Amino acid sequence: MPENPVLSESGDSADSADSAASGESARKLPKTFEPGSFEERWYSVWESAGRFQPTGAPGSPRFVMVIPPPNVTGKLHIGHAYGRTIEDILARWKRMLGVRVLWVPGTDHAGIATQMVLERQLAKQGIDRRELGREKFIERVWAWKREAKDTIQAQMKRLGCSLDWTRERFTMDPDLSRAVRHVFVKLYEEGLIYRGRYVVNWCPRCETAVSDLEVIHRETDGSLYKIRYDVAGVADGATVATTRPETMLGDTALAIHPDDPRTTRLTGRTATLPIVGRQIPIIQDAILVNREFGTGVVKVTPAHDANDFATGQRHDLPAVVVIGGNGRMTAQAGEYAGLDRFEARKQIVARLTADGRLTSEPYRNSVGHCQRCDTVIEPYLSEQWFVKIAPLAEPAIRAVEEGTIKFVPESWTKTYFEWMRNIHDWCISRQLWWGHRIPAFTCPNGHVTVSEEDPSACPDCGGAPLVQDTDVLDTWFSSQLWPFSVFGWPERTPDFLDFYPTDVLVTGYDILFFWVARMIMAGLHFTGQAPFSTVHLHGLVRIGGEKMSKTKGNVIDPLEAIAEFGADAVRFTLASAASSGATVSVERGRMAGSRNFATKLWNAARFTLSSLEGHSVPADLEGRALSLPDRWILSRLSGAARNVNRHLNEFRFDEAAGAIYSFVWHELCDAYLEMVKPVLSGREGTDEARESARGVLSRCLLDSLALLHPFMPFLTEEIWDKATGRSGTLIVSPFPTGEALHNDPDAEHVIESVRALITRVRNYRGERGVSPTEPVELWVAPGSPDPELAARIRAVTPLLQHLGRIPELRFEVPPASAFRDVVAGLSIGLRVKEAASESGGARVEKVLAEIEQEYEGLSAKMRNSSFVDKAPAAIVEKTRRRLLELEERRAALSGGRS
RNA sequence: GGGGGGUUAGCUCAGCGGUAGAGCGCCUGCUUUACACGCAGGUGGUCGCAGGUUCGAUCCCUGCACCCCCCACCA
């Protein structure tokens with residue numbers, strides 16, 4: 001034990017071996033609170049002491065989380081800080097509760113997103129990635145990745161995240177890449193991965209396929225064009241409606257509904273494709289054509305529309321690709337070849353209009369945009385790899401139905417089911433360079449081999465060399481394995497055996513489908529176990545009710561916020577803002593509020609430590625005679641501790657933060673500290689009372705620090721260090737759970753009554769417009785609800801006199817000349833010698849009016865026999881008591897008014 | 001087209017069967033020797049609108065209005 005700690009903690013379990021006892025270096029807290037002066041120091045103390053690594057025997061109770069790996073695209077924003085704060089609160093709380101905690105850090109290569117960042121960077125230097133070549137480009141991405149990872153890591157350390165950095169992973173680490181390859185091969189062998197030519201969502205700017213989820217649909221004002229096609233033998237031809245007229249160049253049929261009388265005359269005929277002149281059949285298709293919609297005739301463009309593609313399959317139609325992967329018209333588009341698709345649209349519309357074949361009307365429809373670059377998505381016929389998802393979805397649905405996995409808040413369950421039950425196959429190939437290369441190899445004879453090891457020759461024909469597929473996998477293909485790939489799976493490593501499955505997954509609801517659902521499917525399919533038992537889906541951070549955006553200038557950079565308010569304040573703000581809703585509103589004002597709270601705690605600690613320094617402080621309070629305020633604050637403390645634990649169990653970080661906040665500020669600081677000042681200073685009470693108060697104060701401070709530690713780790717550790725001398729051990733000290741032992745309703749009743757009396761005395765002064773120091777006479781007489789109360793309060797007379805500045809306090813029936821009222825059921829009288837005014841009168845009138853109104857309402861209730869008969873007896877009784885109270889108060893106030 | 005969420009004090013949000021809470025703001029006082037990033041007191045709400053259920057509704061149900069989000073092969 002280092003010398004001169006101000007306090008020794010009670011019930012310790014923390015080892016002190018590594019206490020960095022700094023000798024005589026100030027055990028006192030500096031007068032001003034400067035978070036920047038100690039935050040980073042504590043982080044390295046914890047980290048170097050191995051506090052973030054799980055300790056204890058494998059098999060003993062543990063709590064495991066994996067971080068949602070941030071993209072290595074840049075730096076973290078306040079939304080990341082929010083999610084990580086929640087996780088760190090859980091990690092620190094569980095650690096202090098004595099379970100082995102492991103929280104695994106890492107980053108995601110984020111294929112398309114990162115590639116785009118690099119492409120933009122290159123573009124600034126006037127370089128196109130194609131000039132650079134695949135290998136050189138990827139080298140550059142790796143360099144970028146290393147830098148981004150360091151930035152992200154530093155940010156999370158600044159925030160205080162107790163992540164086990166010895167286990168940090170990256171989705172493209174060799175072992176994680178092996179897991180990806182293993183999974184691909186396995187699914188391929190199981191027939192759950194297939195390759196084929198289909199119409200997929202294609203981004204012409206990124207020049208890659210994307211999945212359905214990566215397409216953002218937005219309502220857009222456009223036009224609905226009607227184009228007339230000539231049909232031999234039908235005078236007015238056939239008119240089709242389309243929003244994408246440029247695709248008509250690729251039409252290979254028109255379709256009608258077999259039972260639509262409007263189009264019967266077109267049955268079996270042939271139409272002439274305008275501009276192109278191609279003869280195309282008019283087919284009947286009840287699936288594609290809606291009898292109720294439009295003109296009843298649909299153009300069929302198998303290469304540029306998923307529905308049309310399916311129709312083409314049904315009717316064996318050719319597919320003509322007229323828009324290329326780069327968004328420009330192909331040679332098949334004839335005279336339009338080389339034009340951008342939108343320019344082609346313009347020209348074709350002009351041409352058809354001139355020909356008298358086209359009319360248009362304003363039309364609003366939903367247009368798909370690339371999630372990453374916002375380019376309009378083009379349905380595009382191409383060769384891609386897909387995961388057959390239904391067989392994987394089924395067990396994943398069951399796991400949630402059966403409660404193996406539960407969502408918090410529970411309301412997400414329905415959304416999850418909704419999506420899972422309507423799930424489509426997943427396009428996993430991306431025409432990118434950055435990512436996991438698809439392990440498929442083609443021999444000169446066209447045989448495809450998919451295997452975990454690179455084959456040297458074709459297993460079918462012995463042909464060589466083999467050429468690997470140039471595509472990479474969707475980034476989520478590797479992220480879905482994260483909860484087990486981080487532990488070295490598919491090897492059965494000690495970490496995998498010890499820490500999988502994990503316990504809680506915390507993430508934003510925006511990646512429920514992208515990530516959470518796929519982890520559940522992959523986890524169940526490959527490990528046979530749900531990857532986690534609880535998914536906490538939190539809301540997305542908004543700044544002052546508005547979506548964060550750079551153009552609005554309301555972005556909060558976590559590091560800037562930390563520099564301004566301190567990491568603890570930022571964390572506390574985020575935790576307090578957490579709610580079960582879809583948005584989490586953060587405001588600068590709340591950051592300042594949290595900073596103020598940190599300062600408050602700092603000053604309370606300064607006061608406490610200076611009051612205790614040099615005195616004996618009993619660590620054990622059992623068997624000691626405690627004053628009413630002592631008993632009261634211990635009771636409130638244990639209540640606060642119980643509430644904090646309860647709320648954390650329910651993922652209500654806002655409520656948990658609120659519980660400890662109001663205890664520390666409004667009960668410990670505003671009330672208890674003020675109550676014990678005269679005792680501590682020696683002006684009141686016995687030596688024994690003084691010693692007890694010191695013990696209680698010490699307990700309150702240490703327990704408050706512990707309760708707050710998950711929320712404000714740095715500040716609490718700093719104070720703890722000064723208070724106990726046990727450097728850096730709060731992080732592993734026991735978390736208060738709130739022993740029922742200290743639950744003391746009786747003390748609470750008396751002290752709350754005293755506080756109510758004091759408040760009444762103070763606002764009486766306010767009403768009279770006299771100074772807060774003006775002496776007041778107070779009479780207190782027993783009231784009806786608790787005849788003992790006056791006597792109980794009499795026992796703490798000095799307390800009441802001190803706090804209320806009441807030189808003359810009499811436990812007698814107040815004289816008629818005094819101002820009369822009823823407070824906490826006690827009949828009281830007040831008198832001030834020198835009232836500056838009688839302005840209290842108006843207020844009394846107002847109060848009386850309020851009382852009258854409430855009285856009327858309640859007595860009407862009591863007169864209502866069905867209320868008295870049907871309402872629970874306790875409610876009726878409560879109402880009756882309240883009426884009595886109102887009556888007494890009304891009598892007192894109107895009697896004392898003269 | 002389907003689904004979900006929201007509408008509570010000037011602002012940002014909690015609460016969700018027994019006539020409303022927090023933080024910030026605002027008003028009035030305070031060098032009450034831990035803290036002005038403070039202390040004390042106070043102001044402020046027909047809990048979106050209309051019905052219904054109930055002894056009783058901000059809270060449950062129905063409808064409406066406005067807002068937000070998600071899903072969807074809306075030619």
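In this text the structure is predicted, and so the values were computed from the model without any measurement. A note on names: the letters A, B, ... follow the listed sequences, proteins ahead of strands, and every chain is numbered from 1.
Rounded to whole Å, the C1' atom of rA65(B) lies 15 Å from the corresponding atom of rG51(B). The same atom, C1', is picked in rU58(B) and in rC13(B); the two are 15 Å apart, to the nearest Å. The same atom, C1', is picked in rA14(B) and in rU7(B); the two are 15 Å apart, to the nearest Å.
Applying the ring-ring contact (aromatic ring centres under 6.0 Å, His included) rule to Tyr82(A) yields the partners His538(A); only residues at least two apart in sequence or on another chain are considered.
Nucleotide rC70(B) holds its P atom 16 Å from the CG atom of Asp212(A), rounded to whole Å.
Of the residues in residues 239-248 of chain A, those placing a heavy atom less than 4.0 Å from an atom of RNA chain B are Ala241(A), Thr242(A), Thr243(A), in numerical order.
When heavy atoms are screened at a 4.0 angstrom cut-off, Glu655(A) is found touching the sugar-phosphate backbone but no base atom. If you check every strand for non-hydrogen atoms under 4.0 Å, Lys677(A) touches a base. Among the atoms of the strands shown, base atoms are found under 4.0 Å from some heavy atom of Val289(A). Residue-level contact check: Leu224(A) touches neither bases nor backbone, having no heavy atom under 4.0 Å from any strand.
Between Lys31(A) and Arg652(A), the residue whose closest nucleotide on RNA chain B is further toward the 5' end is Arg652(A).
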Where protein sits on nucleotides 17-28 of chain B, one letter per nucleotide: B base, S sugar-phosphate only, - none, heavy atoms under 4.0 Å: -BB---S-----

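Between the side chain of Ser366(A) and the base of rC74(B), a donor-acceptor pair under 3.5 Å is found. For Ser866(A) against rC55(B), no side-chain N or O and base N or O form a donor-acceptor pair under 3.5 Å.
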